[in-house]
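Atoms within each ligand, like the ligands themselves, are counted from 1 in listed order.
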Amino acid sequence: MFKRLADAGAAVAITVDGKPVAARSGDTVAAALLAAGIDHCRTTPVTGAPRAPYCLMGVCFECLVTVDGVGSRQGCLIPVCEGMKVETQIGKREAGR
Ligand code: FES
């Protein structure tokens, strides 16, 4: 569904739910997930419905993910970095994470 307009930026290796994903420097986490064909980054706490990044500018909070063990991070505002561990978020964030 999404594809890069240009092949700019150096390769950055991240993992998403334990699987390797090839991102590019300058990508946000949300952009890297979309470019990799990952169709949702969280599920809702109430119904479990899948949600995907929507605004890509920090307004809608649909892009919440766990990044390096910290939950409820806005993926559209966090640039990828080498070795980053991203997990899709199931429901609400656990207390203390
Ligand atoms: S996509 Fe809307 S806040 Fe991240």
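No option in V21, V12, I78 other than I78 meets the side chain to side chain contact (heavy atoms under 4.5 Å, CB included) test with M84. Each of V86, T88, T66 was checked for a side chain to side chain contact (heavy atoms under 4.5 Å, CB included) with D17, and the lone residue meeting it is T88.
E82 places a side-chain N or O within donor-acceptor distance of the main-chain N or O of A13, the cut-off being under 3.5 Å. In terms of modelled atom types and a separation under 3.5 Å, the side chain of T15 and the main chain of P20 share no donor-acceptor contact.
E62 approaches C41 most closely through the heavy-atom pair O-SG, 3.3 Å.
Panel detail: atom 4 (Fe) of ligand 1 has protein N, O or S atoms under 2.8 Å away, 2 in number.
Every pair tested for salt bridge (Lys or Arg N to Asp or Glu O under 4.0 Å) that includes a residue from residues 63-76 fails, sequence neighbours excluded, so the list is empty.
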